[in-house]
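Excluded from the calculations below are hydrogen atoms, water molecules and symmetry mates; all remaining heavy atoms, backbone and side chain alike, are included. The sequence lines fix the lettering, A, B, ..., with proteins before strands; numbering per chain opens at 1. Quick caveat, the model's predicted, so the values are computed rather than measured.
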Number of protein chains: 2
Amino acid sequence: MSLRHALLGFLTTEPTSGYRLAQEFSESAGWFWYASHSQIHPELRRLEEAGLVTSEVGAGDARGTRTYRITDAGRAELDRWLKDGATEYPPVRDVERIRLLFLDQQPLEVIRKHFEAHIDHHRRLLQIYSDQLDANQRGVFPRLVKRLAVAAPGTEDIVQGLKEIALKGQVMRAETEITWAENALRWLAGHDAAGRVQS
Amino acid sequence: MSLRHALLGFLTTEPTSGYRLAQEFSESAGWFWYASHSQIHPELRRLEEAGLVTSEVGAGDARGTRTYRITDAGRAELDRWLKDGATEYPPVRDVERIRLLFLDQQPLEVIRKHFEAHIDHHRRLLQIYSDQLDANQRGVFPRLVKRLAVAAPGTEDIVQGLKEIALKGQVMRAETEITWAENALRWLAGHDAAGRVQS
DNA sequence: GAACCCATGTAAGTTGTTACATGATTGA
DNA sequence: TCAATCATGTAACAACTTACATGGGTTC
C-alpha cells in the first residue's frame, strides 16, 4: 500500500486538499507517483477513518474544499514505514521490452519506429526532470521551498540534497534509455546497409 | 492487456503449457514480464475462448498437462498489436523514490541503508542480465536457440540482435542505478564528515 | 451564458496478489 | 514414504482505470 504512505508523506509538508494532491500526483510525469483523483479521495477518507489524518471544510467555503492534515498517529505510521520496511521492488513488467522481443519478425521500419518512439518518450521525461533539477539546485522549486520551511533545523541540506539526488536519478535513467535506443538505431542502420549490400 | 500479448508472443516460439509459461514468467528476475500461474492459467483459457490459441492434453498424460498452441487468429492479433499500437508507457509509480524523498527527516544511517539496499538489489539484477547477455552472445541462450529455429529465413541476426539489445538495456539500467546510488553514498559520507567537523 | 477550472464523489470493470486446494510423478 | 516437482485450478481481496455525475466559481 504505497499510495497510503505517499499521501501521508506529502501531508507532512503541508495540509492540503485531495484535489491539490491529485494535481501533484498527476503533473510532471507523475512526479514519482501517479494516482488519479478517484483513487486519492477514497484513500484519504480511509486514512481519516484510520485516524492517520483529519480533515475539515473551511467555514465560508462554498466549494467544499476539504483540507487534510496528518495526525501524530499518521506521522508515526509514516515513520514506521520508513524505518522498518525495506523497499519492495515490484516485479518487472516492461511492455516496451516484450514488444521489442516480438518485433524480431516485423519489418525493420517498424522496429526503427519503436526505438524512435522510445527516444521521444524519454526526451520528454528528460526535459521535465532536467527543469526540475535545475529549479531544485537554484532553490526555487516550490515543493522544495515548502519542505525546507517545515524541515527540522539542521536538516535543510539533507532535504535539498536528497531531492537533488532523486531528480538526478530520473535524469540518469532518461539519459540511459536515450543512449540505449540511439545505439540500437545505429545497429539497425548498420544492419540495414549490410543487408542491402549482401542482397 | 499486455499479459495477453506476452503469452501470444511466447507461444509463437513454441507450443507449451501454462506451467512452463508460469516458470518463464517467474524466473530470471521476471525476464521482462512477471505473472503468476494463477493469472496465467485463466488468461490462457480466455485466449482459447477467443480463438487465439488452441489446447490439448496429451493422450497418455496422467498429469493433465495442457499444451497451448497459437492459432492464425492469434498470430494476426499479435501482429496487429505489434504494428498498430504504440508502446503504452505506464505512469511512474516508484516506491523507492517516494521513500527516499521522505527519508529526509530520518537519521543518516537509515538513508545510507536505503542506498545500500538499492545497490544490492541492482547488483543482483545486473548479475542475472549480464549472464543472460553473455549466453545470448555465445548463442547458447535456450530461448534464443528455440526462437532462431522458428525465425523466418534471413531474420536470424535480427532475432539475436534484438535480444542482445534488450538485455543490454537491462544491464545499462542496473549499472545506472548502481552508479547513482554509489554517488549518493559518497555525497552522504561527505555530508556526514562535514556535519561532524562543524559540530 | 458558455467554457473552463475547482472540487469531490461513485460505480463498474480490469488487473494483479495471496492463499487455499487438489492430485500425479519422481527421486532420495 | 517423504519431499520436491509437475500441473492446474479457485476464491477473496487489493489496486488501479475509466467513465459518469454533480455543483460552485471565474472569466470572457
Between the protein and nucleotides 25-28 of chain C, are there any N/O to N/O pairs under 3.5 Å, and if so, what are the atom names and distances?
unit_1	atom_1	unit_2	atom_2	d
C:dT25	O4'	B:Arg63	NE	3.3
C:dT25	O4'	B:Arg63	NH2	3.3

Practice item. Starting from the 5' end of DNA chain C, give me the residue, A:Thr65 or B:Ala35, whose nearest nucleotide shows up first. Key: A:Thr65
Nearest-Å distance, [atom1] ([X]) to [atom2] ([N])?
{"X": "A:Phe25", "N": "D:dA15", "atom1": "CZ", "atom2": "P", "result": "15 Å"}
{"X": "B:Tyr68", "N": "D:dG9", "atom1": "OH", "atom2": "C1'", "result": "10 Å"}
{"X": "B:Leu3", "N": "D:dA15", "atom1": "CG", "atom2": "C1'", "result": "17 Å"}
{"X": "A:Tyr34", "N": "D:dC16", "atom1": "OH", "atom2": "P", "result": "11 Å"}
{"X": "B:Glu88", "N": "C:dT15", "atom1": "CD", "atom2": "P", "result": "12 Å"}
{"X": "A:Asp61", "N": "D:dT26", "atom1": "CG", "atom2": "C1'", "result": "15 Å"}
{"X": "B:His37", "N": "C:dG16", "atom1": "NE2", "atom2": "C1'", "result": "13 Å"}
{"X": "B:Trp33", "N": "C:dT17", "atom1": "CH2", "atom2": "P", "result": "10 Å"}

**Study point:** Summary of ring pair (Phe, Tyr, Trp, His ring centres under 6.0 Å) pairs that have at least one residue in residues 46-78 of chain B, sequence neighbours excluded
**Key:**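 For residues 46-78 of chain B: none.
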Review point. Can you list every pair that meets ring pair (Phe, Tyr, Trp, His ring centres under 6.0 Å) and has a residue in residues 137-163 of chain B, with sequence neighbours left out?
Key: B:Trp31-B:Phe141
Point to revise | From B:Leu47, B:Leu52, B:Val53, residue fulfilling side chain to side chain contact (heavy atoms under 4.5 Å, CB included) relative to B:Leu11 | key: B:Val53
Exercise for review: Return the angle between end axes of the helix from C:dG1-D:dC28 to C:dA28-D:dT1, with five pairs used per end and rounding to 10°.
Suggested key: 20°
Practice item. Not counting sequence neighbours, which residues clear salt bridge (Lys or Arg N to Asp or Glu O under 4.0 Å) with B:Arg20? List them please. Key: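 Scan of B:Arg20 (salt bridge (Lys or Arg N to Asp or Glu O under 4.0 Å), adjacent residues dropped) gives none.
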side-chain contact (heavy atoms from CB on, under 4.5 Å) with [X]: which residues, sequence neighbours excluded?
{"X": "B:Asp79", "value": "A:Gln106, B:Lys83"}
{"X": "A:Thr12", "value": "A:Ile70, A:Arg75, A:Leu78, A:Arg147"}
{"X": "A:Asp61", "value": "A:Val57, A:Arg63, A:Thr65"}

**Study point:** Presence of A:Arg4 side-chain N/O under 4.0 Å of D:dA14 phosphate oxygens OP1/OP2
**Key:** no
Check your understanding: Between B:Gln23 and D:dC6, is there a side-chain N or O to OP1/OP2 distance below 4.0 Å?
Key ->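 B:Gln23 to D:dC6 OP1/OP2: side-chain N or O found under 4.0 Å.
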Practice item. Please name all residues satisfying ring-ring contact (aromatic ring centres under 6.0 Å, His included) with A:Phe115, sequence neighbours left out, ordered by chain then number. Key: A:Trp180
Practice item. Output all residues satisfying ring-ring contact (aromatic ring centres under 6.0 Å, His included) with A:Tyr19, sequence neighbours left out; order by chain, then residue number. Key: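 With sequence neighbours excluded, A:Tyr19 shows a ring-ring contact (aromatic ring centres under 6.0 Å, His included) to no residue whatsoever.
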Exercise for review: Mark yes or no: B:Arg99 above the aromatic ring of A:Trp81, with NZ or CZ under 6.0 Å from the six-membered ring centre and no more than 45 degrees from the axis.
Suggested key: yes
Review point. So which of residues 38-52 of chain B are in contact with DNA chain C, with a heavy-atom cut-off of under 4.0 Å?
Key: B:Ser38, B:Gln39
Check your understanding: Where the side chain of A:Tyr19 is concerned, which of D:dT17, D:dT8, C:dC6 is the nearest nucleotide?
Key -> C:dC6
Check your understanding: Any idea which of D:dC16, C:dA7, C:dT18 is nearest the A:Arg20 side chain?
Key ->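 Among D:dC16, C:dA7, C:dT18, the one nearest the side chain of A:Arg20 is C:dA7.
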Point to revise | Any pair counted as side-chain hydrogen bond (donor to acceptor under 3.5 Å, both in side chains), so long as it reaches residues 149-161 of chain A, sequence neighbours left out | key: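 The answer is A:Thr155-B:Gln105, A:Asp157-B:His191.
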Check your understanding: Tell me, do B:Thr16 and B:Thr67 make a side-chain contact under 4.5 Å, heavy atoms counted?
Key -> no
